[in-house]
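Report on the structure given below.
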Amino acid sequence: MMLINTSMMRNGDDVWQRAREGFQLAEVNPELVRRHEQYFASRPEYLRRTLDRSRKYLFFIMNEVEKRGMPTELAFLPVVESSFVATARSPVGAEGLWQFMPATGREYQLEQTWWYDGRRDVIESTRAALDYLQVLYNRFGDWNLALAAYNWGQGNLNKAITRVRAKGEVETYENVTMPTETRNYAPKLLAIRNIMAKPERFGLRIDMLPNKPTFVSINTGKHMNIDIAAKLAEMSVPEFKELNPAFNLPVYAHKSGRQMLLPANKLHRFETNLAKWEKPLLTWQVHIPSANENVTDIARNFNMNTNELITANSLQGNREISAGRPVLVAAARTQEVALESTDIAQTIPSDTIIAAADTTPETPAMRAQAAPATQRPATVAPVLITTASTIATPETQSPTIVSAATTQPVALSVADKPVSHTPAPRPITAVKQAVPVAVPQLANLTSEPALPLRPATRLENHIVSSGDTLYNISRRYGMTVEELKRLNTLGSDSVKLGQNLHVLGAPVSTTAQQNLSPSPLRTVAYQAAATRKQNEYIVQTGDTVFSIARKLGILHSDLQRWNEQLTSNQIRPGQVLRLEDSGL
């Protein structure tokens, strides 16, 4: 993983430029795009705050988008969804950068427990959002329609498309009847794209975003207070929470595959200080109230201040204490309830979906699928991943989003600046370590047919990375899951981080995959020699100059030098690029 990130860092020094190289979306509803361009350009301070927040996450998101060959405009979708506030919560319960509702989050394997909500996990929610967008693109065959489905729900969009086809027309973003918000959804993203492409045209100046990871992901193997973790990293609690917004309580509840994010320049300090730390790392424990206990009783029994207990558990008072519901309390001499026993999926009823008529607009958080999307098997996150972020102190102004019925911004019910609710540490004599909890794997649904195997020219290797499953690996290389399993003699659908898998040929784009004809798996395909010259590269759909350079481990400036036609960095699928000049 470090080698991959090093390769990415070599190619250019500005993430904004990387993004510009991968812009692919066709413009729809130009009059709405112009309107949103004018709106954002006339509010440079709001745009600056949003982009400042994005600097913590964009290097990582860009890497994930580029690895999938997706349009890089999608990396800016959190501008539209949450103004890049990782703790954003909509009035109807959608949360995080990508605004997942509980049911959709569970469908895409975002764990939601009393301790932790994966919808706010920067790494996991990004993986889930891109999985979801890929499913929508595979279904509708158009990125702008996929965006409409992300906002409105694929069931609603499918019904609207059916009505267009009933008229004998081919559906487009313009001729499908949508709610006002959905009609404006893709144009808002396109407006952001256009501003980022040429900020000077809009009278804006955007400071360079270094093309390098600035936070890392670690698995400590230990429970610990969030305030202690922040102290070990020599950072403030609000800064720590900006990178770790998924934890609901003032505790990092360790679990196999669960991650803690730290600024890259703080990792060494954290590890050094952790090795020297001789005090308890966890000063909390779980208490299960009885029927006759209230907040005052519990606080008194555990030598706590009542307000401290209320703040730690985000309670509204005695009314929220109920028998059998766990409460976080100051640690006593003995543990009442093992932490692990409460770190299980919450028993949450299915989301109450507002079944709006086709002409009734929905908020982004009301997304629901009429038909289930293909589900993704659970995977284990890596112990160490380099990702992206520049730690910046957010401002206190609330972010804005566009409401369903208008293009004017409305305030989200979340403040930019996280507030520390972590009381002072309390001593504890012993902490029971977490036992990894197995997450059941979900079988791929059969509602979406597997892709046939495309003709392959050579046997390649694929190293399993975070978020990989047999399903998305097979899609990436134009294979079926069964073909991938047979090629690697796999007895199950699970894969491990770092596992080396044989695949057929280089990754292909989704568009190319959809046009493939069935082909049986043949041994001769494994051994066939590559047909193109070694000093040439054939451009594939989704490629950019930057992504090709990263894929081949070369400098993008060399690629431009070897190919004079790349002065504008414009390439097209099928174009042949030279990989070395005649003097090499």
Side-chain angles (χ1 to χ4, degrees), residues 14-16 18-19 36 39-41 43-65 70 72-90 94-100 117-130 132-133 147 150-151 185 188-196 199 204 206-211 213-215 238-246 261 263 363-365 387-403 409-418:
D14 191 352
V15 173
W16 308 129
R18 281 180 60 191
H36 290 297
Y39 174 81
F40 287 119
R43 290 160 177 80
E45 286 304 308
Y46 160 71
L47 190 59
R48 180 190 63 79
R49 288 193 303 272
T50 301
L51 294 179
D52 281 349
R53 286 189 292 265
S54 78
R55 297 171 75 92
K56 292 184 285 292
Y57 316 113
L58 260 177
F59 177 87
F60 166 70
I61 295 175
M62 276 292 302
N63 287 356
E64 297 304 303
V65 168
M70 290 176 157
T72 52
E73 289 96 333
L74 299 182
F76 295 97
L77 193 57
V79 173
V80 178
E81 283 289 344
S82 62
S83 297
F84 265 106
V85 177
T87 54
R89 189 179 193 276
S90 77
E95 298 211 23
L97 290 174
W98 303 90
Q99 290 291 281
F100 273 97
D117 192 332
R119 295 176 298 160
R120 296 194 302 271
D121 187 300
V122 174
I123 291 177
E124 279 299 293
S125 66
T126 298
R127 184 271 305 160
L130 298 184
Y132 187 19
L133 286 164
L147 288 167
Y150 189 91
N151 174 259
Y185 192 70
K188 277 191 285 186
L189 181 60
L190 292 168
I192 293 294
R193 184 270 307 273
N194 294 344
I195 291 173
M196 298 307 299
L204 300 174
I206 301 176
D207 293 336
M208 185 185 78
L209 175 55
N211 188 33
T214 54
F215 68 72
E239 284 179 322
F240 183 90
K241 288 184 174 181
E242 285 180 47
L243 291 178
N244 298 276
L261 301 187
T363 68
T387 56
S389 170
T390 298
I391 302 299
T393 302
E395 300 174 73
T396 56
Q397 181 171 341
S398 296
T400 55
I401 58 172
V402 178
S403 65
V410 295
L412 276 174
S413 57
V414 59
D416 288 9
K417 185 174 182 177

Which distance, rounded to the nearest 0.5 Å, do you find between the CG of Asp207 and the CZ of Arg48?
-> 10.0 Å
Which atom of Leu243 lies closest to which atom of Val122, heavy atoms considered = O-CG2, 4.3 Å
What distance do Lys56 atom NZ and Phe84 atom CZ have between them, rounded to the nearest 0.5 Å?
-> 9.5 Å
Identify the heavy atoms of Met70 and Leu130 that sit nearest to each other, and give their distance.
-> CE-O, 3.2 Å
In this structure, CD1 of Ile206 is separated from CG of Asp52 (nearest 0.5 Å) by 10.5 Å
Can you name the closest pair of heavy atoms from Val85 and Arg53 and give their distance?
-> CG2-NE, 3.5 Å
For Arg18 and Thr72, run side chain to side chain contact (heavy atoms under 4.5 Å, CB included): C-alpha distance rounded to whole Å, both residues' side-chain angles, the deciding distance at 0.1 Å, then the answer.
-> CA-CA 8 Å; Arg18 281 180 60 191; Thr72 52; over 6 Å; no
Heavy-atom nearest pair, Pro210 first then Arg55, reads CD-NH2, 3.9 Å
For the atom pair CZ (Phe40) and CE (Met196), what is the distance rounded to the nearest 0.5 Å?
-> 12.0 Å
State the CG-OH distance between Leu97 and Tyr57, to the nearest 0.5 angstrom.
-> 6.0 Å
From CA spacing to verdict: side chain to side chain contact (heavy atoms under 4.5 Å, CB included), Tyr39, Leu47 = CA-CA 10 Å; Tyr39 174 81; Leu47 190 59; over 6 Å; no
Nearest-0.5 Å distance, CG of residue Asp121 to CZ of residue Arg119 = 12.5 Å
Heavy-atom closest pair (Arg120 atom, Pro245 atom, distance to 0.1 Å) is NE-O, 2.7 Å
Any donor-acceptor pair under 3.5 Å linking the side chain of Ser54 with the backbone of Leu58?
-> no
So, the side chain of Asp14 versus the backbone of Leu209: is there a donor-acceptor pair under 3.5 Å, distance only?
-> yes
Would you confirm whether Gln99, through its side chain, and Val80, through its main-chain N or O, come within 3.5 Å as a donor-acceptor pair?
-> no
Is the Phe76 ring parallel, tilted or perpendicular to the Trp16 ring (thresholds 30°, 60°)?
-> parallel
Might you point out which heavy atoms bring Trp98 and Leu74 nearest each other, and give the distance in Å?
-> CH2-O, 3.6 Å
Are Phe100 and Tyr132 close enough, and set up right, to give a side chain to side chain contact (heavy atoms under 4.5 Å, CB included), and what steps lead you there?
-> CA-CA 10 Å; Phe100 273 97; Tyr132 187 19; 4.2 Å; yes
